[in-house]
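For reference, the structure is listed below as structure tokens.
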There are 2 protein chains.
Amino acid sequence: MAAKPPKPKPKAAPAREHYHHGELRRALIDAALELIGSGGPEAFTLREAARRLGVNHRAAYRHFADKETLLAAVAEQGFWALLGAAREAVGALPEATPEARLLAIGRAYVRFCAMNPAHFRVMFGARLNEGGRFPALEVPIAEAFEVLQREVASGVEAGALAAGTGPRMAALSLWSAMHGLATLIVTRRIAVRKERLASTVDTLLEPTVRGLVAKR
Amino acid sequence: MAAKPPKPKPKAAPAREHYHHGELRRALIDAALELIGSGGPEAFTLREAARRLGVNHRAAYRHFADKETLLAAVAEQGFWALLGAAREAVGALPEATPEARLLAIGRAYVRFCAMNPAHFRVMFGARLNEGGRFPALEVPIAEAFEVLQREVASGVEAGALAAGTGPRMAALSLWSAMHGLATLIVTRRIAVRKERLASTVDTLLEPTVRGLVAKR
DNA sequence: ACCTGAACACCGTTCAAGT
DNA sequence: ACCTGAACACCGTTCAAGT
């Protein structure tokens with residue numbers, strides 16, 4: 001039996017032989033989410049992600065201009081998913097009261113954030129489009145806000161919501177409440193067991209929804 | 001005239017000759033806030049802060065065990081200031097309705113965050129006490145929540161607030177709304193001009209407060 | 001044309017030597 | 001006892017050489 005030649009360089013992972021088009025891109029995104037999920041945003045480094053996938057750290061640059069661009073891809077993916085969750089929530093309640101529909105959006109929003117904390121931190125952590133570098137990020141955010149605002153507006157039309165200071169301000173109120181609750185849950189300042197998530201969210205968002213509904 | 005001896009090493013700053021007890025500590029905290037304020041959390045490095053103050057980067061370790069400890073000091077300072085702002089807000093309205101007092105706390109909270117974005121990011125960014133390393137951070141947070149909860153409880157006692165699911169849940173509702181609004185303003189997802197800050201905050205928090213007050 | 005290792009300019013933190 | 005520079009093990013990113 002011939003002796004095996006010694007490996008010249010021990011690699012962290014067995015190193016998949018090849019990533020075909022787009023596979024490495026997706027694998028890098030997943031690795032980023034995994035690292036952020038277990039060790040926070042600063043645990044994600046391009047080098048560590050590449051190491052885990054058994055590729056040279058330079059390989060990432062074939063798919064992303066730089067680290068920030070990879071994070072923007074994570075964020076964009078997350079925003080579309082969040083939008084989808086919100087749309088699904090209202091779509092499932094075609095005949096419900098405005099109150100119930102608004103609450104359902106809030107529940108979907110907080111639920112998505114609580115279940116995808118790594119996505120959440122990338123989406124709402126550093127302001128990736130601050131310099132206008134990733135305008136694509138604004139599209140799903142704007143659409144999600146549209147969903148909320150349209151819901152408020154149609155509630156006002158139906159006479160179920162107080163007109164107050166207009167649908168935009170009302171939508172911002174609810175967004176604040178939803179977003180604050182999501183933030184406090186993800187950062188563990190409010191502890192919620194998974195099984196009780198939906199009911200806790202309902203309890204905590206109800207005052208805001210009720211305040212929007214109440215005519216003074 | 002004798003020629004000046006050439007400086008052996010050009011320093012970034014004129015380098016204050018001496019920082020007496022505690023001064024460097026405070027200067028480092030201020031430098032951290034300045035760097036975070038202008039370039040975000042990742043712009044703060046111990047080396048850059050030391051460079052700005054004209055001291056060796058090792059000097060920081062005389063006052064802080066590591067970078068995280070310095071950030072914890074920033075956060076703690078911020079939490080006490082936030083607590084002070086909340087207390088001042090309710091203290092100024094001894095005879096007001098519970099509704100007005102709750103709104104005043106919210107206004108103070110959001111105003112503090114909006115005016116101190118660097119503090120805000122350190123306080124509510126990375127969870128510094130995750131591993132129980134900085135338990136001192138919990139003290140002012142817990143006290144601030146106490147202020148809120150006590151206010152709700154006394155409103156219920158006075159019959160002005162619906163008992164609902166208890167003062168703790170009501171306080172959490174309001175905290176969510178306050179915190180979400182503060183977050184959205186600091187991250188510039190809601191744009192507010194400084195002069196209109198107080199009135200915008202009032203408009204956006206009112207539905208939640210009203211919902212807590214409304215008896216169904 | 002594609003991939004990769006060395007190199008560069010940064011970090012936070014540790015060590016060991018200066019006074 | 002105190003301060004500091006070199007050193008270490010990391011980064012993200014650039015360069016230039018390999019195939």
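All values below were derived from every heavy atom in this structure, side-chain atoms included, with hydrogens, water molecules and symmetry-related copies excluded. In what follows, chains carry the letters A, B, and so on, assigned in the order in which the sequence lines appear, proteins first and then strands, with residues in each chain numbered from 1.
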(request) Find the partner of C:dG12: check Watson-Crick (N1-N3 plus N6-O4 or O6-N4) and G-U wobble (N1-O2, O6-N3) distances, both under 3.5 Å, and reply none if neither fits. (result) D:dC8

(request) Compare the minimum distances between each of C:dT13, D:dT4, C:dC11 and the side chain of B:Ala59, then state the nucleotide with the smallest one. (result) D:dT4

(request) Please state how far atom CZ in B:Phe64 lies from atom C1' in C:dG12, giving the value in whole angstrom units. (result) 15 Å

(request) Round to the nearest Å and state the distance from B:Leu46 atom CG to C:dC10 atom P. (result) 16 Å

(request) Could you work out which one of D:dC2, C:dG12, D:dC11 sits closest to the side chain of A:Glu48? (result) D:dC11

(message) Nearest to the A:Lys67 side chain among D:dT13, C:dC11, C:dT13, which nucleotide is it?
(response) D:dT13

(request) Take atom CG of B:Leu70 and atom C1' of C:dT13, then tell me their distance rounded to the nearest Å. (result) 15 Å

(message) Is it the case that the ring center of B:Phe124 lies less than 6.0 angstrom away from the ring center of B:His179?
(response) yes

(message) What's the closest nucleotide to the side chain of A:Tyr61 if the choices are C:dG12, D:dC3, D:dT14?
(response) D:dT14

(message) Using a 6.0 Å distance limit plus a 45 degree cone around the ring axis, check whether B:Lys67 lies over the aromatic ring of B:Tyr61.
(response) no

(request) May I ask you to check whether B:Phe120 and B:Tyr109 place their ring centers less than 6.0 Å from one another? (result) no

(request) Starting from C1' on D:dC2, measure out to CG on B:Leu24 and report it in whole angstrom. (result) 14 Å

(request) Scan every strand shown for a Watson-Crick or G-U wobble partner of D:dT19, both distances under 3.5 Å, and answer none if you come up empty. (result) C:dA1

(message) What is the separation between atom CD on B:Glu42 and atom P on C:dC10, rounded to the nearest whole Å?
(response) 17 Å

(message) Distance check needed: C:dT4 P versus A:Leu53 CG, whole Å only.
(response) 13 Å

(message) For a 4.5 angstrom cut-off between non-hydrogen side-chain atoms, does B:Arg193 reach B:Thr200?
(response) no

(request) Tell me which nucleotide among D:dT4, C:dA7, C:dG12 gets nearest to the side chain of A:His57. (result) C:dA7

(request) Can you spot which of A:Leu174, A:Leu172, A:Thr165 makes a side-chain contact (heavy atoms from CB on, under 4.5 Å) with B:Leu204? (result) A:Leu172

(message) Among D:dC2, C:dT13, D:dT4, which nucleotide has an atom closest to any side-chain atom of B:Asn56?
(response) D:dT4

(message) Looking at A:Arg47 and D:dT13, is any side-chain donor or acceptor paired with a base atom of the opposite kind under 3.5 Å?
(response) yes

(request) Using only side-chain N and O atoms of A:Arg58, determine if any of them is under 4.0 Å from OP1 or OP2 of C:dA7. (result) no

(request) Give the rounded distance in Å between these two atoms: CG of B:Leu28 and P of C:dG12. (result) 12 Å

(message) In whole Å, I'd like the distance from the CZ atom of B:Arg62 to the P atom of C:dG12.
(response) 19 Å

